[in-house]
Structures are given as structure tokens and as C-alpha cells.
Amino acid sequence: QVQLTESGGGVVQAGGSLRLSCAPSGLTLRNYHMGWFRQAPGKEREFVAVSSRPGSGGKAFYEEFVQGRFTISRDNAEKMVYLQMNNLKPEDTAVYYCAASQVALSGIRQSEMYRAWGQGTQVTVSS
């Protein structure tokens, strides 16, 4: 059974940094695209970033609003996925979710293409 466990959320002041971690189990990490999504209160879940599987190029893709501030990375040997978040803004406040997908690259920004999700970790950025 696939299970994703996020950690690393918390409360930080605007301009600060956090690193989120995702520990997958029950899957072979290198066979999956690993994405981060977020959901703020009253809003729909939105794409943040994805690390494509090595077989599909192993590249990172970001939503425009985090470009240059967030960095996604993966350690296939250690079976971990990370989201380094720098220069955080109050509008980054949300529950952040790790997710796994095996679809074609064209679908990796769409939440419905992800088959497995973590429970989420809260990130709160104060102004």
C-alpha cells in the first residue's frame, strides 16, 4: 500500500524559510513523478511543483507564483522528496500535500492525475 508522509510545516515570518519533507513507502520512488500541491482555506487545491521521474527526464517544474523561491528535490536512494521554500509570503499559507503520479508529463500539473496523497502539513506565514 502506497503511503506518503509529509513533515516540516510550521509557522514562519514573511521572508523566512521552511523545508518540507515527504517520505514515500510502498512504491519505487524512481518510477513516480512526485509533486507538491497546496490548499488554502476556502480555495481549491493548486499545483506548486513537481519532480518528474528519472525515466521522463528528471526535471523540476514549478507554478509561476513560486518560481525562484521554491526548490523541489528528491533523493531516490534515501526515498525522500523535499520542497525548500525561501522568501515565504503570507499568501503561501496553506496545507501542503505531497503526491505521487505515473501519468505522462503532460498531466503532471493536474491534481486528478495523482493516485496517492499524503495527509498534508500546515504552513503558516505571518506578516
Side-chain angles (χ1 to χ4, degrees):
Q1 183 177 357
V2 175
Q3 188 170 359
L4 308 178
T5 304
E6 303 100 334
S7 61
V11 180
V12 63
Q13 289 189 333
S17 298
L18 284 173
R19 188 177 81 156
L20 305 183
S21 299
C22 173
S25 61
L27 57 79
T28 302
L29 182 57
R30 65 184 302 107
N31 293 338
Y32 285 78
H33 310 303
M34 296 301 298
W36 287 96
F37 291 77
R38 71 186 186 186
Q39 188 167 18
K43 295 187 177 181
E44 294 186 352
R45 188 170 298 186
E46 60 183 359
F47 168 77
V48 175
V50 62
S51 169
S52 66
R53 59 191 172 194
S56 297
K59 295 182 178 181
F61 301 91
Y62 300 94
E63 188 56 74
E64 186 174 347
F65 52 70
V66 302
Q67 189 79 37
R69 299 189 298 125
F70 291 12
T71 303
I72 188 171
S73 61
R74 66 162 74 196
D75 186 328
N76 289 319
E78 297 297 325
K79 298 182 180 181
M80 292 292 292
V81 182
Y82 304 100
L83 185 68
Q84 177 67 43
M85 306 186 296
N86 298 328
N87 191 21
L88 283 160
K89 304 176 180 181
E91 51 265 41
D92 294 318
T93 294
V95 177
Y96 283 71
Y97 297 90
C98 176
S101 174
Q102 291 186 300
V103 300
L105 279 177
S106 60
I108 57 175
R109 293 173 180 262
Q110 303 170 36
S111 61
E112 60 268 27
M113 297 300 179
Y114 287 74
R115 57 167 286 193
W117 293 83
Q119 82 288 350
T121 185
Q122 176 70 47
V123 171
T124 302
V125 185
S126 61
S127 57

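Between the CD atom in Q67 and the CZ atom in F61 there is a gap of 11.0 Å [rounded to 0.5 Å]. To the nearest 0.5 Å, atom OG of residue S101 and atom CG of residue N31 are 12.0 Å apart. Summarising the geometry, atom OG belonging to S21 is positioned 9.5 Å from atom CG belonging to L83; distances are rounded to the nearest 0.5 Å.
Results of the side-chain contact (heavy atoms from CB on, under 4.5 Å) test with C22 over K79, M80, M34 single out M34 as the only residue that passes.
Of the possible donor and acceptor atoms, none in the side chain of Q39 sits under 3.5 Å from a partner among the backbone N and O of A94. A donor-acceptor contact shorter than 3.5 Å is absent between the side chain of Q119 and the backbone of T5. Distance alone, capped at 3.5 Å, is enough to place a donor-acceptor pair between the R53 side chain and the Q102 backbone.
For the pair A116 and V2, the tightest heavy-atom approach, listed with the atom from each and the gap, is CB-CG1, 3.5 Å. In this structure, L105 and S52 approach most closely via the heavy-atom pair CD2-CB, 3.6 Å. The minimum heavy-atom distance between N76 and P54, with the atom names listed, is ND2-CG, 3.6 Å.
V66 and Y97 end up in different hydrophobic clusters when Ile, Leu, Val, Met, Phe, Trp and Tyr side chains are linked at under 4.5 Å. Hydrophobic clustering, with ILVMFWY side chains joined whenever heavy atoms are under 4.5 angstrom apart, groups W117 together with I108. If you chain together hydrophobic residues whose side chains sit under 4.5 Å apart, V95 and V11 never meet in one group.
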Run the side chain to side chain contact (heavy atoms under 4.5 Å, CB included) test on T93 and Q122 for me, step by step, so that the C-alpha distance in whole Å, both residues' side-chain angles and the decisive distance to 0.1 Å come before the verdict. CA-CA 8 Å; T93 294; Q122 176 70 47; 4.0 Å; yes

Candidate pair K89 and R69, rule side chain to side chain contact (heavy atoms under 4.5 Å, CB included), full reasoning: CA-CA 10 Å; K89 304 176 180 181; R69 299 189 298 125; 3.7 Å; yes

Go through the steps to decide whether R115 and V103 satisfy the test side chain to side chain contact (heavy atoms under 4.5 Å, CB included), and finish with yes or no. CA-CA 9 Å; R115 57 167 286 193; V103 300; over 6 Å; no

Just do the ring-ring contact (aromatic ring centres under 6.0 Å, His included) check on Y114 and F37 with the steps written out, would you? CA-CA 10 Å; Y114 287 74; F37 291 77; 5.0 Å; yes

Side chain to side chain contact (heavy atoms under 4.5 Å, CB included) between V48 and I72, intermediate numbers included: CA-CA 9 Å; V48 175; I72 188 171; over 6 Å; no

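By the 4.5 Å heavy-atom criterion applied to side chains, T71 and N86 are not counted as neighbours. For the pair L20/M85, a side-chain contact is recorded, criterion being any heavy-atom separation below 4.5 Å from C-beta on. Counting heavy atoms from C-beta outward, E46 and F65 have side chains that approach closer than 4.5 Å. Side-chain contact between L27 and L4: present, with at least one pair of heavy atoms (C-beta onward) separated by less than 4.5 Å. Proximity of C98 to W36: side-chain heavy atoms (C-beta onward) are separated by under 4.5 Å at one or more points. The side-chain heavy atoms of F70 and L88, taken from C-beta on, include a pair separated by under 4.5 Å.
Counted by atom type alone, R74 and S51 present one or more donor-acceptor pairs between their side chains at under 3.5 Å. In the model, R38 has a side-chain atom that pairs as donor or acceptor with a side-chain atom of Y96 under 3.5 Å.
Around the CD atom of Q13, the shell of radius 6.0 Å holds no more than 12 heavy atoms that belong to other residues, nucleotides or ligands. Within 6.0 Å of CD in Q3 there are 12 or fewer heavy atoms belonging to other residues, nucleotides or ligands. At most 12 heavy atoms of other shown residues, nucleotides or ligands fall within 6.0 angstrom of atom CD in E44.
Annotation: cation-pi geometry satisfied between R19 and Y82 (NZ/CZ under 6.0 angstrom from ring centroid, within 45° of ring axis).
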